[in-house]
Amino acid sequence: MLQTEQDLEKLVHAHTAALLRYCTGLLGCEADAQDAVQKTFIKAWQQRRTLRGDGTDNECAWLYRIAYRTALDMLRAARRAANYPTPEPREQDPGISDELRTALAALPPLDRALVLERVLDGLDYAALARIHGRPAAYLRTRYHRAKKQLASRLREGEHHDE
């Protein structure tokens with residue numbers, strides 16, 4: 001349970017790398033992801049009383065839920081600001097190809113989050129249910145559909161290259 005600044009510091013050290021990777025995948029830009037992770041920890045500290053210590057809500061899922069909502073807020077803000085293009089190119093995660101990045105970006109935010117959470121972070125469906133507040137069976141179905149859409153988009157990209 002988060003009660004002291006030392007507890008927060010331990011939480012930051014334990015989860016920053018995974019949350020940064022997750023948010024980079026959701027937002028498509030490492031600089032934005034760093035902002036999202038920072039906002040996530042600020043919100044976690046402000047909402048520390050919402051973390052249950054009875055084992056029903058672990059801190060990892062709690063942080064992912066906060067990070068997901070923070071990233072969605074940032075995506076919505078970016079959509080509203082789309083009329084004001086940024087002059088600087090967005091930084092990209094070097095571990096993801098341009099084709100995969102484009103295919104991921106075409107997915108709805110929840111589907112993109114599920115793919116990243118399952119593939120990059122290896123989270124199980126129980127953790128995903130805690131993060132997104134939805135039944136595990138629903139998320140399993142949604143994840144499998146997202147994988148099919150992703151595979152289809154990647155196959156379409158191969159045919160365009162020929």
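Reckoned from all heavy atoms, side chains included, excluding hydrogens, waters and symmetry mates.
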Rounded to the nearest 0.5 Å, how far does CZ of Arg48 lie from CH2 of Trp62? 9.0 Å
Quick one: do Leu123 and Ile131 satisfy side-chain contact (heavy atoms from CB on, under 4.5 Å)? Show the steps, please. CA-CA 10 Å; Leu123 297 178; Ile131 291 167; 3.6 Å; yes
Give, for atom CZ of Arg140 and atom CG of Leu128, the distance between the pair rounded to the nearest 0.5 Å. 9.5 Å
Applying side-chain contact (heavy atoms from CB on, under 4.5 Å) between Thr70 and each of Asp35, Ile42, Thr40, Leu26, report the one that passes. Thr40
Given side chains that start at C-beta, do those of Trp45 and Leu11 come closer than 4.5 Å, heavy atoms only? no
Take Leu19 and Tyr64 through the test side-chain contact (heavy atoms from CB on, under 4.5 Å) and record every step on the way to the result. CA-CA 7 Å; Leu19 287 175; Tyr64 269 81; 4.0 Å; yes
Give, for atom CD of Gln38 and atom OG1 of Thr16, the distance between the pair rounded to the nearest 0.5 Å. 10.0 Å
So the salt bridge (Lys or Arg N to Asp or Glu O under 4.0 Å) pairs with at least one residue in residues 103-122 (sequence neighbours excluded) are Arg21-Asp121, Asp111-Arg142
Evaluate the criterion side-chain contact (heavy atoms from CB on, under 4.5 Å) for residue pair Glu59 and His15; output intermediate values, then yes/no. CA-CA 10 Å; Glu59 63 188 26; His15 299 285; 3.5 Å; yes
Taken to the nearest 0.5 Å, the spacing of Glu156 CD from Thr102 OG1 works out to 12.5 Å
So how far is it from Arg79 CZ to Leu72 CG, rounded to the nearest 0.5 Å? 8.5 Å
Are any non-hydrogen side-chain atoms of Phe41 and Leu63 less than 4.5 angstrom apart? yes
Minimum heavy-atom distance between Ala67 and Cys23, given as atom pair plus value: CB-SG, 4.0 Å
Where is the tightest heavy-atom contact between Leu150 and Ala103, given as atom of each residue plus distance? CD1-CB, 3.5 Å
Please give me the minimum heavy-atom distance between Ala33 and Thr24, naming the atom from each residue. CB-OG1, 3.1 Å
To the closest 0.5 Å, what do you measure between OH (Tyr68) and CG (Leu116)? 11.0 Å
Got Leu114 and His132 here, is their nearest side-chain heavy-atom distance under 4.5 Å? yes
Sorted by chain and residue number, the side-chain contact (heavy atoms from CB on, under 4.5 Å) partners of Lys147 (sequence neighbours excluded) come out as Tyr143, His144
What do the steps show when you test Leu20 against Glu30 for side-chain contact (heavy atoms from CB on, under 4.5 Å), and what is the final call? CA-CA 8 Å; Leu20 183 60; Glu30 189 172 342; 4.1 Å; yes
